[in-house]
Amino acid sequence: VGHEIGLAAVSEYASRYGVSVVGVRKPWRVVEYVRRAVGHGGSMIILRAMLHYGSLLFTRLKWKFTGDPRNIPVAQNQMLVNQTTESMRPSLFDVKVAVQQTGSLNLSNPEQTSDLFFWQQSPLSGKDLLVLLNSSPTMTRRPIEEEQSLGAAGIARLGISRHALITSSTPSYVHWSCANPSAIARPAVTLPARESRWLNRQITLYNAFRSYWTSLFLAYRVKVFCTWFRYDEQHCAITDALRDCGGVMTMYPRALVSYPSPLTTVAVDVCFSYSVLHADLERRSQSNIPYHVTVGFIGDYRFPLLQPEADRVRGMLRRNGASRILALFDEHSLDDARWSTGHEFMRVNYLFLLEKVLQEPWFGLVIKPKVPANLRRRLGDVACLLDNAISTGRCYVYEDGGYISAFPPAVAALAADVAVHAHLCAGTAGVEAALAGVPTLLVDREGWPTSPLYELGVGRVVFRDWDTLWKACCEHWSSSGGSPGFGDWGSVLDSIDPFRDGRAAARMGTYIKWLIDGFKHGLNRDTVMADAAERYCAIWGKDKVTDVTGVV
């Protein structure tokens, strides 16, 4: 256990269960030494300078030996950089919606996953968007193509990470720490030295993040920020920075939240969600959301767009003898099994179904891994079995898309007769398959009995082992009318998505457009948010916008 605040309290609590807590000093590190010598602010300046100029030097050296990726002469290339950077600066009234890029954009492939999905389905103009390039090129296999797609759509871009400087014409943003009048002050109370150092470090980090985002928002006239990432403290600093600038922080769901937890607590201005019931979960998680907006399942517009690709894969498997097809969703695994699903545990799922492909000439399998890039490494020896199954022509794996798969889970479900999500503790892929109209099963080998999805019925939708699930599938397939209730989610779909009309992304994009239009008319943030909520309630119902105050 590291030296953290409250060690004595933790030790007292652990002693009730016979657990000993031992404090261990952290090893000496150069970074810590520099931070103590020059302060956190000084170390941040040094670190940013090293990252920024080191990245530029590496890029120039790479171009020297490999050539410019667009074969542009150096003089012309520099002119292009200057012109692009200048064009990035918005005019006085050209306010922006900043979107944090975390994966592929896929602007020309709306059936695939995209960080700009809501823009693709709404009247929001590309000129209103500023994409903050934050991910490394490994997140997408077509970085230059995606940059060209952004330019063609009139969408501005800005690199905020050294990993994101993927082409010569992508401008970057470097912020030097400065005084922030809105910064949190140090506590006046006297604390023990260890606790005081820890608390001061957290305050310094928060102030640095807030200063960074405030400067970026002011420089590029950002009034609305859109992200899905809610799993660390940075979104709180971003929210406060936007409020300093008179803007609005928005967040949308990337994963199904089925139980309250402090790990998913958020503090944002507008939070888009699948259903009204999720507002209660946010409240029990102590979230603070003045405007909780129900829009439905945000990926449902892709279902009809995915059908041609699903038909292609299904036809290929059937031509090779597969009369019954099952889709498997892999939720990923980690090297250290103490913190999440480990590789050995995950391999059992693959081993069972791959052996069925090799044993049963009528059985087909479509695999949709969450992270295809490292699938074979995670499979270990089972990877050979995967190759053997693929060689039969009755097994297909969606391996394209860089680090994160380009296709959503629905594509595999639509190609199959039955979909199986192998992890009940993370049920988003299963929810998507069920909303797409495919009988969907859940395997709870980890043991997650608190999941509300257990209400779907053990033996009908929820199974605790593969043998029982396989037997149920065979019985369902051998019956002329199928097994009653098999894979049926009808009892909960309305509570997950009250709309189910394929327009969730359009509702979200339209709502964001109302926000940005309000700012363009010179209205303040409170008026902008109130007007957007009133317009939404007038169309979709007063119950669709909820005030979440975080009170249990």
Side-chain angles (χ1 to χ4, degrees), residues 104 106 109-114 117 297 299-332 349-350 352-372 375 379 385-401 404-423 427-443 461 466 469-470 472-474 476-477 482 486-489 493 500 502:
S104 295
N106 290 322
N109 301 99
E111 75 280 4
Q112 298 181 4
T113 56
S114 172
F117 67 95
F297 188 77
D300 57 0
Y301 71 92
R302 300 190 186 104
F303 297 161
L305 300 177
L306 290 168
Q307 196 62 61
E309 167 62 20
D311 291 342
R312 180 189 70 83
V313 174
R314 182 177 179 85
M316 179 185 69
L317 269 57
R318 291 184 68 86
R319 285 192 298 272
N320 287 283
S323 58
R324 298 296 182 181
I325 302 172
L326 185 145
L328 171 67
F329 302 134
D330 163 18
E331 192 61 32
H332 194 43
N349 301 333
Y350 276 88
F352 183 90
L353 292 178
L354 292 174
E355 287 183 340
K356 294 298 182 184
V357 173
L358 298 175
Q359 294 169 2
E360 308 291 350
W362 51 266
F363 179 61
L365 179 65
V366 183
I367 300 173
K368 177 31 193 77
K370 184 175 183 178
V371 182
L375 173 62
L379 285 177
L385 204 63
L386 175 63
D387 292 331
N388 293 337
I390 292 175
S391 67
T392 66
R394 291 180 285 105
C395 178
Y396 185 86
V397 185
Y398 277 96
E399 297 189 79
D400 189 28
I404 299 296
S405 178
F407 282 98
V411 70
L414 292 170
D417 301 303
V418 175
V420 178
H421 192 174
H423 308 273
T428 310
V431 167
E432 181 170 324
L435 287 171
V438 179
T440 304
L441 311 179
L442 300 167
V443 181
V461 173
W466 282 106
L469 181 145
W470 180 256
C473 285
C474 291
H476 174 71
W477 288 329
F486 182 80
D488 184 5
W489 289 49
L493 289 184
R500 297 168 63 188

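Note that the structure is a prediction, hence the values are computed from the model and not measured.
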So does [Y] get a backbone contact from the side chain of [X], meaning a donor-acceptor N/O pair under 3.5 Å?
X: Arg394; Y: Val357; value: yes
X: Asp417; Y: Ile325; value: yes
X: Thr113; Y: Phe407; value: no

message: Measuring from atom CH2 of Trp477 to atom CH2 of Trp362, what distance do you get when rounded to the nearest 0.5 angstrom?
response: 5.5 Å
Euclidean distance, Leu379 CG relative to Asp387 CG, rounded to 0.5 Å: 9.5 Å
- line: Residues at least two apart in sequence or cross-chain that pass side chain to side chain contact (heavy atoms under 4.5 Å, CB included) with Leu305, listed by chain then number, are Pro110, Glu111, Tyr301
Smallest separation among heavy atoms of [X] and [Y], with atom names:
X: Ala416; Y: Leu326; value: CB-C, 3.9 Å
X: Phe329; Y: Ala419; value: CE1-CB, 3.9 Å
X: Pro408; Y: Leu306; value: CG-CD1, 3.5 Å
X: Ala415; Y: Val366; value: CB-CG2, 4.4 Å
X: Thr440; Y: Ala434; value: OG1-N, 3.3 Å
X: Cys395; Y: Leu386; value: SG-CD1, 4.2 Å

message: Go through it in stages, so that I can follow the logic: the residues are Leu435 and Asp300, the test is side-chain contact (heavy atoms from CB on, under 4.5 Å), and I'd like the CA-CA distance, side-chain angles, deciding distance and then a yes or no.
response: CA-CA 8 Å; Leu435 287 171; Asp300 57 0; 5.9 Å; no
query: Does the side-chain contact (heavy atoms from CB on, under 4.5 Å) test come out yes or no for Trp466 and Lys356, once each step is laid out?
result: CA-CA 11 Å; Trp466 282 106; Lys356 294 298 182 184; over 6 Å; no
- prompt: Do the charged groups of Asp311 and Arg318 touch, with an N to O distance under 4.0 Å?
  reply: no
Measure the shortest side-chain to side-chain distance between [X] and [Y] over non-hydrogen atoms and say whether it is less than 4.5 angstrom.
X: Phe486; Y: Leu441; value: yes
X: Asp330; Y: Lys370; value: no
X: Ser104; Y: Asn109; value: no
X: Leu317; Y: Val313; value: yes
X: Thr392; Y: Asn320; value: no
X: Leu353; Y: Val420; value: no
X: Val397; Y: Pro372; value: no

message: Pair Leu385, Tyr350 - check side-chain contact (heavy atoms from CB on, under 4.5 Å), show working.
response: CA-CA 9 Å; Leu385 204 63; Tyr350 276 88; over 6 Å; no
statement: Arg324 meets the salt bridge (charged side-chain N to carboxylate O under 4.0 Å, His left out) criterion, sequence neighbours left out, with none
- request: Any chance you could lay out the side-chain contact (heavy atoms from CB on, under 4.5 Å) test for Leu493 and Phe297, step after step, and finish with the verdict?
  value: CA-CA 10 Å; Leu493 289 184; Phe297 188 77; over 6 Å; no
statement: Paired with Tyr396, the side chain to side chain donor-acceptor pair (under 3.5 Å) test is passed by just one of Arg314, Lys368, Arg312, namely Arg312
